[in-house]
Asker: 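This is the structure I want to talk about, given as structure tokens.
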Amino acid sequence: MAEKKSSIYKVAVASTDGENVDQHYGRTDRFYVYRVDDDVGYDFVEMRKVQSVCMGGSHSVSKMMESVLGLSDCRYVVASRIGDGASSCLRRHGIVAVESPGTVDDAILKVWKYNQIQNLF
């Protein structure tokens, strides 16, 4: 039987401080990016400055695309809130949108559990 390979991926978190998921996807000006190894744990990689895409309840399609493409190396994006438009755009680019206000530790644990379930199928 072949040994299961480790699943390694990046998670971008909308946060003001790198400790709490406290930003709306469209309003954040930064994402904290973490590298997750399902067998080992997670490590902080970098903080990415971004331009907010929210313009008072609406957004520019070009800014939304630029935002999503700037996170294209991430498998998951976590924010306290993610609107339907952003969620759909992320999904079309193979990124899973996760709403999970709270701590970064709790959010990454939820993503890890979700990823474990996805790997069963």
Side-chain angles (χ1 to χ4, degrees):
M1 178 176 217
E3 186 176 321
K4 177 185 170 262
K5 290 185 179 178
S6 173
S7 185
I8 299 172
Y9 48 92
K10 289 182 182 172
V11 178
V13 179
S15 174
T16 57
D17 59 10
E19 294 180 22
N20 298 290
V21 182
D22 57 0
Q23 290 286 292
H24 182 286
Y25 176 87
R27 293 189 189 114
T28 193
D29 66 350
R30 73 194 73 176
F31 285 95
Y32 287 81
V33 178
Y34 299 86
R35 179 183 174 274
V36 179
D37 181 326
D38 280 347
D39 295 331
V40 177
Y42 73 94
D43 293 305
F44 174 72
V45 175
E46 66 180 312
M47 194 246 323
R48 292 185 191 171
K49 290 272 191 181
V50 297
Q51 183 175 5
S52 174
V53 298
C54 186
M55 299 181 304
S58 65
H59 62 273
S60 153
V61 173
S62 62
K63 283 185 180 181
M64 181 67 73
M65 286 302 300
E66 185 178 322
S67 170
V68 170
L69 292 175
L71 300 170
S72 63
D73 62 324
C74 298
R75 187 180 302 174
Y76 298 94
V77 169
V78 181
S80 62
R81 292 281 299 142
I82 302 177
D84 292 338
S87 183
S88 177
C89 192
L90 288 162
R91 187 174 41 256
R92 282 193 307 272
H93 287 85
I95 302 170
V96 178
V98 178
E99 283 189 5
S100 183
T103 68
V104 169
D105 286 339
D106 288 345
I108 290 181
L109 180 60
K110 288 176 187 175
V111 166
W112 177 81
K113 288 177 181 179
Y114 176 85
N115 198 61
Q116 292 295 303
I117 292 168
Q118 295 306 304
N119 286 336
L120 295 174
F121 301 100

Asker: Residues two or more places apart in sequence or in another chain: which of them pass side-chain contact (heavy atoms from CB on, under 4.5 Å) with N115?
Answerer: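 Only S7, Y9, D38, R75, Y76, N119 meet the side-chain contact (heavy atoms from CB on, under 4.5 Å) criterion with N115.
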Asker: Please answer: with hydrophobic residues joined when any side-chain heavy atoms are less than 4.5 Å apart, are V96 and V104 in the same cluster?
Answerer: yes
Asker: Show me the donor-acceptor pairs within less than 3.5 Å that the side chains of residues 79-88 make with the rest of the protein, sequence neighbours left out.
Answerer:
from : atom 1 : to  : atom 2 : distance (Å)
S80  : OG     : Q23 : O      : 3.0
R81  : NH1    : E99 : OE1    : 2.9
R81  : NH1    : E99 : OE2    : 3.1
S88  : OG     : R92 : NH1    : 2.8

Asker: Mind checking salt bridge (charged side-chain N to carboxylate O under 4.0 Å, His left out) for E66 and listing every partner two or more places apart, or none if nothing turns up?
Answerer: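 Testing E66 for salt bridge (charged side-chain N to carboxylate O under 4.0 Å, His left out), a comparison that skips the adjacent residues, returns none.
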Asker: List the steps and the verdict of side chain to side chain contact (heavy atoms under 4.5 Å, CB included) for V21 and T103.
Answerer: CA-CA 6 Å; V21 182; T103 68; over 6 Å; no
Asker: Would you name the heavy atoms of Y32 and F44 that are closest together and state the gap between them?
Answerer: CD2-CE1, 3.4 Å
Asker: Out of curiosity, does V45 fall in the hydrophobic cluster containing L69 (side-chain heavy atoms, cut-off under 4.5 Å, transitive links)?
Answerer: no
Asker: Could you please spell out the steps behind the side chain to side chain contact (heavy atoms under 4.5 Å, CB included) verdict for S67 and V50?
Answerer: CA-CA 7 Å; S67 170; V50 297; 5.6 Å; no
Asker: Just grab all the salt bridge (charged side-chain N to carboxylate O under 4.0 Å, His left out) pairs involving residues 13-26, residues at least two apart or on different chains.
Answerer: none
Asker: Answer yes or no: is there a side-chain heavy-atom contact under 4.5 Å between Y25 and V68?
Answerer: yes
Asker: To the closest 0.5 Å, what do you measure between OG (S52) and CZ (R27)?
Answerer: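 So the OG of S52 and the CZ of R27 are separated by 8.0 Å.
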Asker: When you measure from the side chain of H93 to the backbone N and O of I95, does any donor-acceptor pair fall under 3.5 Å?
Answerer: no
Asker: Taking only residues two or more places apart in sequence, or in another chain, which ones meet T28 in a side chain to side chain donor-acceptor pair (under 3.5 Å)?
Answerer: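 Result, side chain to side chain donor-acceptor pair (under 3.5 Å) vs T28: none returned.
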Asker: A12: which residues meet the side-chain contact (heavy atoms from CB on, under 4.5 Å) condition with it, sequence neighbours left out?
Answerer: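 side-chain contact (heavy atoms from CB on, under 4.5 Å) check on A12 returns F31, V33, L71, C74, V77.
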Asker: Tell me every residue that passes side-chain contact (heavy atoms from CB on, under 4.5 Å) with K49, counting only those two or more places apart in sequence or in another chain.
Answerer: R30, M47
Asker: Which residues pass the side chain to side chain donor-acceptor pair (under 3.5 Å) test with S62, not counting sequence neighbours?
Answerer: S60
Asker: Under the rule for salt bridge (charged side-chain N to carboxylate O under 4.0 Å, His left out), what residues qualify as partners of D73, not counting sequence neighbours?
Answerer: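 With neighbours one apart ignored, the set is K10, R48.
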